[in-house]
Amino acid sequence: MTKELGPNLIGQVPLQDLDRLAAQIPHGAKIAVPPDYSGVAMALTRAMIRRSLRDLHVVCVPISGLQVDMLAGAGCIGTVETSAITLGEYGTAHRFQAALRAKQFRMMDATCPAVHAAIQAAGKGLPFMPLRGLLGTDLLKNRPDWQVIDNPFEKHNDPIVLLPAIKPDFAVFHAPFADRNGNVFIGRRRELVAMAHASTASLVTVEEIRDVDLLASEESAAGTLTAAYIGGIAEVPRGAWPLKLWDIYEYDEAHLKLYGEMARTAEGFARYCDEFVHDRKAAE
Amino acid sequence: MTKELGPNLIGQVPLQDLDRLAAQIPHGAKIAVPPDYSGVAMALTRAMIRRSLRDLHVVCVPISGLQVDMLAGAGCIGTVETSAITLGEYGTAHRFQAALRAKQFRMMDATCPAVHAAIQAAGKGLPFMPLRGLLGTDLLKNRPDWQVIDNPFEKHNDPIVLLPAIKPDFAVFHAPFADRNGNVFIGRRRELVAMAHASTASLVTVEEIRDVDLLASEESAAGTLTAAYIGGIAEVPRGAWPLKLWDIYEYDEAHLKLYGEMARTAEGFARYCDEFVHDRKAAE
Amino acid sequence: MTALPFSRQELLITTIARLLQGCRLVATGASSPIPGAGALLARAQSGGHMRVNVLGSVRNDFLCDGGVELFDLAGQGRLDAFFLGGGQIDGEANINLVGAGGVYPQTDVRWPGSFGSGYLYYLVPRVILFREEHSRRVLVPKVDFISSAGPKNDGTYRPGGPIGLLTNLCWFAFDRDKRRFRLESVHPGHSVEEVRDHTGFDFDCPASVAATAAPDADILTLLRTRIAREIAETYPRFVAQVFPDLAAAGD
Amino acid sequence: MTALPFSRQELLITTIARLLQGCRLVATGASSPIPGAGALLARAQSGGHMRVNVLGSVRNDFLCDGGVELFDLAGQGRLDAFFLGGGQIDGEANINLVGAGGVYPQTDVRWPGSFGSGYLYYLVPRVILFREEHSRRVLVPKVDFISSAGPKNDGTYRPGGPIGLLTNLCWFAFDRDKRRFRLESVHPGHSVEEVRDHTGFDFDCPASVAATAAPDADILTLLRTRIAREIAETYPRFVAQVFPDLAAAGD
């Protein structure tokens, strides 16, 4: 049901259909994605699977679920950088786990504030950001990209971890609406702002384009991601389906249960994709 | 015209009159203040001068103007940490400059993003934050509290400045309104959020208390500083006067011109204080 | 032992509330109905001195600064208590939320991941380890992967750490100096022997171990009415199961 | 020399607009009407490829993340151009916004302070040094205090720096390899000798120096109508003074 708007601009931002938006993402791209409750671009994820993208480096800010499970099951992923992958009450992330066991991608386990800090570092153009905690963990031991230095502001020995900035090519997420200039309403989901600042460009799906100016009032501007960060927008009603979108719509529990059952096996997942990804028996 | 509400609570936040709010600040306190255009608690500043506070460490996030000029003129300041002190088109900050020349306080010159970064470090509980730039400046040379390390993520020599966290005792500012639970509307003035996160407590004056719940909607929550950070609120209509409050009221140009003229000399400033600070011929 | 006048969950909730006394700010994470109810009960008993942030709640979530604010609060020293679990927990209070068996990252069992534990465990002064299952599968001599390490007393920066471990059988206090758990109380209906049989790590055990304090009638009433209603917003299924009377009353 | 068909300010604005060609994102700081007008003019000529953020504007301020966002944009490499001035500027492009004479911090003259210069000068690829006053008081052999250093070519991280210095008399390009200014053009009505007389630092000077390109009629019309209206929102007094016809028309 995506409107086929063709090449177009809102403000200075390209307004694209779902497949053109997905086409901006090349094989091997590093993409940042939000947690399941924060506005996941699931319709765009299905479009990415249809394009048979390969070797994506997915940075979960700071965790993920269905999106990574599907991308892993479809063989799109080369690296997963996350603090957790969980389908919550809908069961185990079987496709993610199977692909991990089969060494189909590189796993970079983190802890939530470490992902946030490394994303914020990129958003400030910093090479690294310090973080407390992590000492003595096997997380640290398995992350050769992290370093421990001695805090130079303490006289006594005070080791502290430095995390290199994470600079994604794209922040990819779904939001309630964009305004006529391509500004996107993100409410208090400030992890979306951090992801956008850190990334070269943000690819955003929205429920709708509204003929308003989010920057016109202090109230609405406070919850806005400004258009300067955005590389493309697609208007996709129910674009987070079957996940929830904030308090706008809820998880599709029946569908998630169905997914949880079908995705137990590679064959079941393939059937799921035939039906809901390739045949587009989905929201879009 | 401050309402004398006495000891009271909104949510879990003490609702106080101006003088009780000022009384929370002891001699020698480290306070963080915003720039002239972002909501300065000028009525509270006058109350602080009436209390003859001494040896304040004022951290300007990242610059200041009238507030620091008056506090310096009144002899309240022990340290100024800032990227600039300017009255803009209302002329030179004579009281600040005279006190500086007379060595009445310690001067810590910075650059705007350095103040922001050090405040953000405290808001994250980090001992320091890195910042690009600054190399080769006399700012760096005169800040022994700043350190230069070699970026451990680069193979070649890459010096980078580390700034120790700034942890104020109080963030002090003026905002349009608080809700019935003590949450404060700050719009997109995110430097106020950063100041509040960094400080032990925030002392806030507001134009009014509104019988609403700012956390009730995503729109209003996005521009809200949550009550957990706030140590006291006073309801002070025109509490930023003679400075502006966002787009709610403008600079009182005639008064600022008068201030600029009177504050040229110590004697003139004393007369100004007699009239507008001690006699309270001001908004409050 | 006859049927108790309170349920297992009610004992856990009221025990948690007791452990949170004196906190100013408490937060609970995902999928945490019992810690959430315990925190809300403690708040109700605090006389307005405690704030509680329940992840997933609308009415009891005061954070405005995105997912990072909880961690920033902990870094600032404002977050007094938090709850962590573990697929494995060992006798030095190391916890494992990543996986067991095999060779990391190709572990035989894979759990979701470490979430915020690798940070919060170090920063929050009163971490309550909470795992209902009390078995040698969970409470192991040594975890296979350290998502977050128990306190080492090695002088590194560590304002936070575990105060103890609460399970379906007992409450272990954690002795930070000795880096060991000490059996503090056994829940009514269970025994020290039962705890020992189902615990895979060594722990200190006094000659006489108290029974975990049972909630009194007033607290149970408060829990079954106001607190059950408050937590139902976030965990309706939990309330339907544990407080069926409230659910039946249509509250 | 007879009266020019354009004002000094109009020449400066159109010169700035030319220097900004090809930028995607330009910002101007406080008290910067001429850079602001120049940026808005460049945007109007860019065919929708340039964003401009005018500090103090409502209609031309797209930042939503507080005072820090401009600096974050620069750190991200998104901010292509910015303007800096200086109480003193020297021949190696060091700038001083703090004070002169005496011993810091008790300088004989104190200016407001360094603002964001100590950072932006290092990060923004196209910094235009802009100071209307062209005198030996301002353009000195060596600044008394370095608020922000000229490029050193010492291998330290420095994607940004000055492309040149625009004054009431001329446009100096900055040669980063030689770490020296080169006189690129002298404004109509002025001479190389005049520049030399009023400049306190050494600079390179070709045998023949062009005149700064005068704006053509189309650009002047655009500037005097649409651009003047746009910048009037933020700088009404400036527009009243420099574009009195527009102001008189009540636009």
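In the text below, chain A, chain B and the rest are named by the order of the sequence lines, each starting its count at 1.
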Please check if atom NZ in B:Lys244 has more than 12 non-hydrogen atoms from other residues, nucleotides or ligands closer than 6.0 Å.
-> yes
Listed by chain and number, what are the salt bridge (Lys or Arg N to Asp or Glu O under 4.0 Å) partners of C:Arg126, not counting sequence neighbours?
-> none
Contacts of C:Tyr119 that satisfy ring-ring contact (aromatic ring centres under 6.0 Å, His included) - sequence neighbours left out = none
Go through B:Ala216, B:Ala122, B:Ala221, B:Ala228 and name the one with the most non-hydrogen pairs under 4.5 angstrom from chain C.
-> B:Ala228
Give the member of B:Gly125, B:Ala165, B:Ala222 that has the highest number of heavy-atom pairs under 4.5 Å with chain C.
-> B:Gly125
Option in C:Leu73, C:Leu123, C:Asp72 with maximal non-hydrogen atom pairs under 4.5 Å from chain B = C:Asp72
Please confirm whether the backbone N or O of B:Ser202 pairs with a side-chain atom of B:Ser199, one donor and one acceptor, at under 3.5 Å?
-> no
Is any side-chain N of the basic residue among C:Arg78 and C:Glu69 closer than 4.0 Å to the acidic one's carboxylate O?
-> no
Do any of residues 48-60 of chain C come closer than 4.5 Å to chain B, heavy atom to heavy atom, and if so which ones, in number order?
-> C:Gly48, C:His49, C:Met50, C:Arg51
Decide whether a cation-pi geometry holds between C:Arg158 and C:Tyr121; the criteria are a distance under 6.0 Å from NZ or CZ to the six-membered ring centre and an angle within 45° of the ring axis.
-> yes
Show every donor-acceptor pair shorter than 3.5 Å between a side-chain atom in residues 22-30 of chain B and any protein atom, with sequence neighbours excluded, or say none if there are none.
residue	atom	partner	partner atom	Å
B:Gln24	NE2	B:Gln16	OE1	2.8
B:Gln24	NE2	B:Gly231	O	3.2
B:His27	ND1	B:Arg54	N	2.9

